[in-house]
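Data block below; observations after.
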Amino acid sequence: MNIITTEIPEVLIIEPKVFQDERGFFFEAFNYQIFTEQTGIFVNFVQDNHSASKHNVLRGLHYQIQQPQGKLIRAIAGTIFDVAVDIRKSSPTFGKWVGCELSDVNKRQLWIPPGFAHGFVVRSETAEVLYKTTDYYAPKYDRCIVWNDSNLAIDWNLTNPPILSPKDAAGQSFKTADIFL
Ligand SMILES: Cc1cn([C@H]2C[C@H](O)[C@@H](COP(=O)(O)OP(=O)(O)O[C@H]3O[C@H](C)C(=O)[C@H](O)[C@H]3O)O2)c(=O)[nH]c1=O
């Protein structure tokens, strides 16, 4: 497993060791012992999520005001641009974002600890995303920061306006977001 650091020290890009042969490929998508030994992060994933999206769908930026979720994200089909925003008020990188292309080709994963807003946009025709979370879904604590917030100024590199859920289209601005972290 290869670990690539990002401009936010706690957000990591993980490249699994992939075994290719004439049949195809195999890799361990998650191994607790290797993950903790190589990252020094002790995680307890309690939920596996799976979403499928069309081209140019943008999901996010979501965060939780209580029971914040850490996430280990990967695309098992297609390509997404995955973004993490540091919303930890005490953090030296508060308000900073990092993005990474995740795809079924690069098989990269993104580790985003609790305390971040998360979102992604689909760059391929369709994409299927799997992600593990360190806490359970709690809709009453779910919040959304609007994807194109001018203070965050995330470069989604879009050619057309994204397809959003009504919830995401009505997201808060970063400045008015009720960030508790
Ligand atoms: C997230 C979630 C959703 N749901 C139900 C609630 C809705 O009826 C339906 C769709 O939910 P939502 O529109 O919130 O799904 P996404 O827009 O993909 O939200 C996710 O997208 C961004 C990228 C994230 O990082 C979060 O994991 C999550 O907020 O699934 C559940 O039953 N359990 C869950 O854990």
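Counting convention: from 1, in listed order, for ligands and their atoms alike.
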Legend entry - Single hit among Trp97, Phe94, Tyr63 for ring pair (Phe, Tyr, Trp, His ring centres under 6.0 Å) with Phe174: Phe94

For each nitrogen or oxygen atom of ligand 1, which protein N/O atoms lie closer than 3.5 Å, and how far apart are they, rounded to 0.1 Å?
| unit_1 | atom_1 | unit_2 | atom_2 | d |
| --- | --- | --- | --- | --- |
| ligand 1 | 14 (O) | Lys167 | NZ | 2.8 |
| ligand 1 | 18 (O) | Arg59 | NH1 | 2.8 |
| ligand 1 | 19 (O) | His62 | ND1 | 3.3 |
| ligand 1 | 21 (O) | His62 | ND1 | 3.2 |
| ligand 1 | 25 (O) | Lys71 | NZ | 2.9 |
| ligand 1 | 25 (O) | His118 | ND1 | 2.6 |
| ligand 1 | 27 (O) | Tyr131 | OH | 2.8 |
| ligand 1 | 29 (O) | His62 | ND1 | 2.5 |
| ligand 1 | 35 (O) | Gln47 | NE2 | 2.9 |

Legend entry - Side-chain donor or acceptor of Ser103 paired with backbone N/O of Thr79 under 3.5 Å: no

Legend entry - Residues Lys132 and Asp48 bridged, charged N to O under 4.0 Å: yes

Legend entry - Within the 6.0 Å centroid threshold, strictly below: Phe27 and Phe19: no

Legend entry - Carboxylate-amine/guanidinium proximity below 4.0 Å for Glu15 and Lys107: no

Inset, instruction - Go through the structure and list residues passing ring-ring contact (aromatic ring centres under 6.0 Å, His included) with Phe26, not counting sequence neighbours. - result: none

